[in-house]
*Asks:* 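Dropping a structure here in C-alpha cells format, bear with me for questions.
Residue numbers begin at 1 in each chain, while the letters A, B, ... track the order of the sequences. Small disclaimer: the values here were computed from a predicted structure and weren't measured.
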Amino acid sequence: MREVRIHNTLGGHLVPLRPLSPPRVSMFVCGITPYKPSHIGHARAAIVYDVVAKFLRRVGYHVFYLQNVTDIDDKILRTATEEGRDWHTVSEENFESYLRAMQLLHVDSVNFYARCTDYIAEIIEQVRTLIEKGHAYASGGDVYYDVDTFPAFGALSGQRLEMLEAGVRVEVNPNKRSPEDFALWKGEKLGPRWSSPWGEGRPGWHIEDTAIAVNILGPRYDIHGGGMELKFPHHEAEIAQAEAATGKSPLASIWMHHNMLNMRGEKMSKSLGNVVSLDATLRRVSPEVLRYFLLSAHYRSPLDYAGEESLEEARRSLQTLQVVYARLRAQAGESLGGTFPREVQLTAGSRVYVRDLSEWIELVPRIYPADPEHQRGDRVEEDMMTALANDFSVREATASLFSFASEVHALLESRGPSLREEELASLVRPFVLATEVLGYFPREGTSGSNAPLAAAVELVIEARARAKEHKDFAEADRIRKALSEAGIEIEDTGRGTRWRIRS
RNA sequence: GCCGAGGUGGCAGAACGGCUAAUGCGGCAGACUGCAGAUCUGCUUUCCGGGGGUUCAACUCCCUCCCUCGGCUCCA
C-alpha cells in the first residue's frame with residue numbers, strides 16, 4: 001500500500017502512517033460545540049479531515065472516522081440563558097444545522113457523531129477509574145485531575161508545568177490542589193445535571209472526548225485531529241486522562257492540528273464580531289467553491305478570508321476546472337453514445353451495468369490493453385496521489401490538475417471526436433479523484449437529474465441559433481443575456497453552442 | 001514572558017540543498033468570434049521578512065532579530 005506521511009505534532013515531524021491494525025485506521029476528530037450557528041472556520045476543519053479520511057480510504061485503508069459533539073457545556077448554557085431557551089434545544093438545533101451544511105459540502109466521511117450526553121455513564125466510569133488510580137480527586141462536589149500525577153503533561157504542546165505555574169493568573173479555584181488541575185466533573189445544583197458518585201453534576205470540558213474515544217476506538221488509535229487552538233490545554237488533558245485511565249500509551253499515534261481561518265489577519269471569533277456564517281456563505285456560493293477556497297492553503301497554514309473577493313477568486317479558479325471537466329464529460333457522453341447509467345460490453349459474451357463515470361473508468365482498463373499513449377490521465381492521477389500522500393498537499397495536487405486542464409483542452413480541440421474510449425477514461429480519472437477526495441465537483445446524481453432542464457435549455461439555444469442564422473444578433477444577445485441572468489452561461493464554439501450552470 | 005504555527009511575485013499560494021522558484025487569480029497584447037465567452041500563445045515575473053553562519057551551492061540547514069496569528073485552563 002502507498003506510504004502516507006503525516007505531520008505529527010507529537011515530535012513535530014512528518015511520520016509514515018503505520019496503523020495499529022492495518023488496513024484499519026481509526027481516527028478521532030474534535031467536533032463542534034453547537035452553542036451558536038457555525039461559521040466557515042468550522043467548515044475548514046470539517047473539510048480538512050474529510051479529505052484526510054477520503055484520501056486514506058482511496059489509498060486502501062478501512063477508515064473509521066469518529067467525531068464527538070460537545071452538546072453540553074458552559075457556552076451552551078450561557079446561550080440558552082441569553083436566548084431564554086432550553087439548552088438541549090440550542091445544541092440540537094445548531095448541530096442539525098451544522099449537519100445540513102456538511103451534507104451540502106459533501107462532508108460525508110464521518111462514520112459516527114457521538115454526543116457527549118449519550119456517554120454520561122462512560123464518562124462517570126472513566127472519572128471513577130482515574131480516582132481509583134490516584135490521578136483524580138473529588139473536592140467540593142467537583143472532581144479534578146491531579147496534573148502532578150502525570151509527568152508527561154505538556155509533552156504535546158511543549159509546555160512545561162513550571163512555566164505554566166509562573167504564568168497562572170491570580171484567581172485560583174479553592175477546590176483545586178494545584179492551579180493546573182482541571183475539572184473532570186463539575187458539581188451542579190440548578191442547571192442540567194446527572195447523578196454521579198460525587199453528587200449531581202455534569203462532565204468537565206475534556207473528559208467526553210476520551211470517554212467516547214476509548215469506548216468506541218479503544219485505548220489506542222491511529223489519528224487524532226483538531227484545531228491548533230485545542231493543543232493546549234484540551235489535547236494535553238485528553239492524553240493525561242486516557243493514558244492514565246487505560247495505562248496504554250500513546251493514546252493516538254499521530255496528532256494532526258490544522259491552522260485557523262483568519263478574517264483579514266484576525267482570528268474569526270464572535271467577540272471581534274467578524275464571524276462569517278456558514279449558512280449565509282452557502283447561500284452565496286456553491287459548496288464546491290467554498291470547499292475549494294477552504295482547501296486553498298495547506299491545512300497547517302493559516303488561511304485568510306478577505307471577504308467576498310476570496311470567494312470570488314475561488315469561484316473563478318474552480319470554474320476553469322469545471323469548464324474543462326464539463327467538456328470532457330460531454331465528449332465522453334458523445335463518444336460513448338449515451339449517459340450513465342448504461343450497459344457496457346465487457347467481453348464478447350458479457351455485459352455489465354455501469355452506474356457512473358467513476359465505475360466506468362475503473363472498468364475500462366480491464367477491457368482494453370494497457371497502452372501508455374492512452375493513459376495521460378493516469379499519470380496526473382498518480383501525481384495527485386503522490387502529493388496528497390505527502391501530508392495531504394491539496395494545493396500541489398490541484399496544481400497538477402490545473403496543468404492537466406490545458407492538456408485536456410488541447411486534446412479535445414485537436415481530436416475530440418476521435419479519442420478512444422480508453423483515452424477518455426484515463427483523461428477523466430484526475431477529475432474523478434478531485435470529485436471523490438477533494439470534493440471540487442458535485443458527484444453525479446447529487447444535484448439531481450438535469451434532464452428536464454437540459455431539454456429546455458437546448459430548446460432555447462435552438463431558437464437563438466435560428467436568430468443568428470437570420471443575422472438577428474440583437475435577439476441572439478438578448479437570449480444569451482436572459483439565460484445568463486438565470487444562471488446559465490452559453491458559449492458559441494466551432495462545434496455548436498455549449499452551456500453550463502454558473503457556480 | 002512562555003509554547004506553537006506562519007512570513008514567497010499585484011493578489012492567493014506551492015516545492016526542493018543545485019536546470020530560467022510550481023499552480024491559480026488579476027492585468028496587457030495577439031489568435032479565434034457578428035459580439036461575448038471559453039480556449040490557445042506571449043508578456044506581466046529576475047517575489048523567497050531583516051541580519052549573520054554552515055556549504056562548491058540555501059528560499060530550502062543552523063543562530064539571531066522583527067512582524068502576524070493561535071494557546072497559556074471553566075473565566076469574564
Side-chain angles (χ1 to χ4, degrees), chain A residues 7 9 12 73-75 77-78 142 144-145 147 154 156-160 162-173 175-176 179-183 186 202 204-206 227-237 257-269 271 292-293 295-306 309-310 312-324 326-327 387 390 393-406 408-410 412-414 468 471-474 476-477 480-481 484 489-494 497-500:
Chain A
H7 181 91
T9 305
D73 115 306
D74 293 351
K75 286 179 284 194
L77 296 177
R78 192 176 56 202
D142 302 333
Y144 293 95
Y145 190 97
V147 171
L156 179 72
S157 57
Q159 300 279 353
R160 281 209 298 280
E162 314 86 75
M163 297 312 302
L164 291 173
E165 285 181 38
V168 156
R169 278 74 181 275
V170 271
E171 285 181 60
V172 174
N173 184 330
N175 287 339
K176 292 181 177 182
E180 301 77 36
D181 292 353
F182 54 88
K186 305 162 95 161
R202 55 193 168 87
W205 174 28
H206 319 292
M228 279 183 177
E229 86 281 14
L230 296 177
K231 213 185 286 181
F232 187 92
H234 186 241
H235 293 156
E236 294 286 3
H257 286 99
H258 66 271
N259 217 135
M260 300 292 94
L261 179 71
N262 293 150
M263 178 74 173
R264 293 196 169 91
E266 288 176 313
K267 182 197 179 190
M268 189 171 284
S269 83
S271 52
Y292 181 91
F293 167 67
L295 288 171
S296 63
H298 185 84
Y299 75 91
R300 279 190 287 117
S301 302
L303 176 63
D304 198 69
Y305 177 77
E309 60 254 53
S310 294
E312 178 57 19
E313 186 185 328
R315 195 189 63 74
R316 288 191 185 133
S317 300
L318 186 58
Q319 184 174 285
T320 301
L321 296 175
Q322 285 170 336
V323 165
V324 67
R327 267 187 91 176
N390 182 30
S393 299
V394 172
R395 186 72 192 211
E396 211 189 326
T398 305
S400 299
L401 194 60
F402 270 108
S403 305
F404 185 55
S406 297
V408 173
H409 273 302
L412 290 176
E413 210 67 57
S414 60
K468 281 177 64 179
K471 303 281 181 207
D472 186 355
F473 295 120
D477 291 350
R480 182 168 61 196
K481 187 158 178 281
S484 174
E489 299 294 347
I490 62 173
E491 298 155 14
D492 297 327
T493 75
T497 300
R498 291 199 298 253
W499 65 278
R500 66 190 157 80

*Asks:* Using whole Å, report how far CZ of R395(A) lies from P of C25(B).
*Replies:*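 That distance rounds to 10 Å.
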
*Asks:* Counting side-chain heavy atoms from CB outward, which of G24(B), C35(B), G4(B) is closest to S317(A)?
*Replies:* G24(B)

*Asks:* Taking atom C1' in both U55(B) and G70(B), what distance in whole Å separates the two?
*Replies:* 36 Å

*Asks:* In whole Å, what is the span from the NE2 atom of H7(A) to the P atom of A5(B)?
*Replies:* 6 Å

*Asks:* Base, sugar-phosphate alone, or nothing: which one does F402(A) contact when heavy atoms must sit under 4.0 Å apart?
*Replies:*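 Answer is sugar-phosphate: F402(A) comes under 4.0 Å of backbone atoms only.
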
*Asks:* Whether S157(A) contacts G71(B) is assessed here as follows: a side-chain N or O lying under 4.0 Å from the phosphate OP1 or OP2. Is that the case?
*Replies:* no

*Asks:* Given G6(B), U23(B), A36(B), identify the nucleotide with an atom nearest to the side chain of S301(A).
*Replies:* G6(B)

*Asks:* What nucleic acid atoms does S406(A) come within less than 4.0 Å of, heavy atoms only: base, sugar-phosphate, or nothing?
*Replies:* sugar-phosphate

*Asks:* Would you say a side-chain N or O of K481(A) is under 4.0 Å from OP1 or OP2 of A36(B)?
*Replies:* no

*Asks:* In whole Å, what is the span from the CD1 atom of I490(A) to the P atom of U33(B)?
*Replies:* 18 Å

*Asks:* Please work out if K186(A) contacts a base, only the sugar-phosphate, or nothing of the nucleic acid, heavy-atom cut-off 4.0 Å.
*Replies:* base

*Asks:* Starting the side chain at C-beta, find the nucleotide from U73(B), G34(B), G71(B) nearest to A476(A).
*Replies:* G34(B)

*Asks:* I'd like to know if the side chain of K231(A) and the backbone of S157(A) have a donor-acceptor N/O pair within less than 3.5 Å.
*Replies:*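 Checking the backbone N and O of S157(A) against the side chain of K231(A), no donor-acceptor pair under 3.5 Å is found.
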
*Asks:* For the backbone of R480(A) and the side chain of S484(A), can you confirm whether one donor and one acceptor N or O come within less than 3.5 Å of each other?
*Replies:*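 Not a single qualifying donor-acceptor pair exists.
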
*Asks:* Taking only the P atom of each, what is the distance from U64(B) to G71(B) in whole angstrom?
*Replies:* 26 Å

*Asks:* Check the angle between the aromatic planes of H206(A) and F182(A) and answer parallel, tilted or perpendicular using the 30° and 60° thresholds.
*Replies:* perpendicular

*Asks:* Using whole Å, report how far CG of L412(A) lies from P of C40(B).
*Replies:* 11 Å

*Asks:* Given atom NE2 of H298(A) and atom P of A22(B), what is their separation to the nearest angstrom?
*Replies:* 21 Å

*Asks:* Base, sugar-phosphate alone, or nothing: which one does D477(A) contact when heavy atoms must sit under 4.0 Å apart?
*Replies:* base

*Asks:* In whole angstrom, what separates W499(A)'s CH2 from G37(B)'s C1'?
*Replies:*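 In whole Å, G37(B) C1' lies 16 Å from W499(A) CH2.
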
*Asks:* Given C25(B), is OP1 or OP2 found less than 4.0 Å from the side-chain N or O atoms of T320(A)?
*Replies:*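 Yes, T320(A) has a side-chain N/O under 4.0 Å of OP1/OP2 on C25(B).
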
*Asks:* Between A38(B), U39(B), C74(B), which nucleotide gets closest to the side-chain atoms of D74(A)?
*Replies:* C74(B)

*Asks:* For side chain to side chain contact (heavy atoms under 4.5 Å, CB included), just list the numbers for D492(A) and K468(A), CA-CA rounded to whole Å, side-chain angles, deciding distance to a tenth of an Å, and then say yes or no.
*Replies:* CA-CA 11 Å; D492(A) 297 327; K468(A) 281 177 64 179; 3.0 Å; yes

*Asks:* RNA chain B: E396(A) or W205(A), which has the more 5' nearest nucleotide?
*Replies:* E396(A)

*Asks:* Taking atom C1' in both G50(B) and C59(B), compute the distance separating them and give it to the nearest angstrom.
*Replies:*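 14 Å, rounded to whole Å.
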
*Asks:* Within this structure, what is the CE-to-P distance between M260(A) and G6(B), rounded to whole angstrom?
*Replies:* 13 Å

*Asks:* Round to a whole Å and report the spacing from OH of Y292(A) to P of A14(B).
*Replies:*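 Rounding to the nearest Å, OH of Y292(A) and P of A14(B) are 11 Å apart.
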
*Asks:* If you take all heavy atoms of Y144(A) and N175(A), which pair is closest and at what distance?
*Replies:* CE1-CB, 3.6 Å

*Asks:* Can you tell me which nucleotide in C74(B), U39(B), U23(B) comes closest to the side chain of H409(A)?
*Replies:* U39(B)

*Asks:* Is there a side-chain contact between R498(A) and the phosphate of G37(B), meaning an N or O under 4.0 Å from OP1 or OP2?
*Replies:* no

*Asks:* Under 3.5 Å for both donor-acceptor distances, Watson-Crick or wobble: does G6(B) have a partner, and if so which one?
*Replies:*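 Partner of G6(B): C67(B).
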
*Asks:* With a 4.0 Å cut-off, would you call R315(A) and E312(A) a salt bridge?
*Replies:* yes

*Asks:* Map D492(A) and E313(A) onto RNA chain B by nearest heavy atom, then report which one ends up closer to the 5' terminus.
*Replies:*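 Nearest nucleotide further toward 5': that of E313(A).
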
*Asks:* If pairing requires Watson-Crick or G-U wobble contacts with both distances under 3.5 Å, which nucleotide is the partner of A12(B)?
*Replies:*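 The answer is U23(B), by the H-bond criterion.
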
*Asks:* Ignoring hydrogens and angles, tell me if any N or O in the side chain of E491(A) forms a donor-acceptor pair with the backbone of R498(A) under 3.5 Å.
*Replies:* no

*Asks:* Determine the interatomic distance between C1' on U41(B) and the same-named atom on U46(B); round to the nearest Å.
*Replies:* 22 Å

*Asks:* Taking the P atom in each of U54(B) and C63(B), what is the distance between them to the nearest angstrom?
*Replies:* 15 Å

*Asks:* Check every strand shown and say whether H234(A) touches a base, only sugar-phosphate, or nothing at a heavy-atom separation below 4.0 Å.
*Replies:*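 Contact class for H234(A): none.
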
*Asks:* Measuring only the C1' atom in each nucleotide, how far is U60(B) from A21(B)? A whole number of Å is fine.
*Replies:*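 Result for the C1' pair: 11 Å, nearest Å.
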
*Asks:* Which of these nucleotides, A38(B), A22(B), G34(B), is closest to any side-chain atom of E491(A)?
*Replies:*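 The answer is A38(B), which lies nearest to the side chain.
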
*Asks:* Applying a 3.5 Å limit to both distances, which nucleotide forms a Watson-Crick or G-U wobble pair with C72(B)?
*Replies:*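 Looking at the geometry, C72(B) pairs with G1(B).
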
*Asks:* Please give the distance between the P atoms of A15(B) and C56(B) as a whole number of Å.
*Replies:*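 28 Å, rounded to whole Å.
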
*Asks:* Return the pairing partner of C32(B) with a 3.5 Å limit on both distances, Watson-Crick or G-U wobble; otherwise return none.
*Replies:* none

*Asks:* For the P atoms, the ones on G13(B) and on G6(B), what distance do you get once it is rounded to whole angstrom?
*Replies:* 13 Å

*Asks:* Is there a donor-acceptor contact under 3.5 Å from the side chain of R395(A) to the main chain of A297(A)?
*Replies:* no

*Asks:* With a 4.0 Å cutoff (strictly under), does any side-chain N or O of R316(A) reach OP1 or OP2 of G26(B)?
*Replies:* yes

*Asks:* Between the side chains of K186(A) and D73(A), is the shortest nitrogen-to-carboxylate-oxygen separation below 4.0 Å, so that they form an ion pair?
*Replies:* no

*Asks:* If we call it a pair only when both distances are under 3.5 Å in a Watson-Crick or G-U wobble match, what pairs with G17(B)?
*Replies:*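 Pairing partner, where one exists within any strand: none, as none qualifies.
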
*Asks:* For G71(B), is there a stacking contact with F232(A), counting only centres under 5.5 Å and planes under 30°?
*Replies:*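 So no, this residue does not stack on that base, at least one cut-off failing.
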
*Asks:* Return the nearest nucleotide to the side chain of K231(A); candidates are C69(B), C74(B), G4(B).
*Replies:* G4(B)

*Asks:* Which of the following nucleotides, A14(B), C40(B), C35(B), is nearest to the side chain of R480(A)?
*Replies:* C35(B)

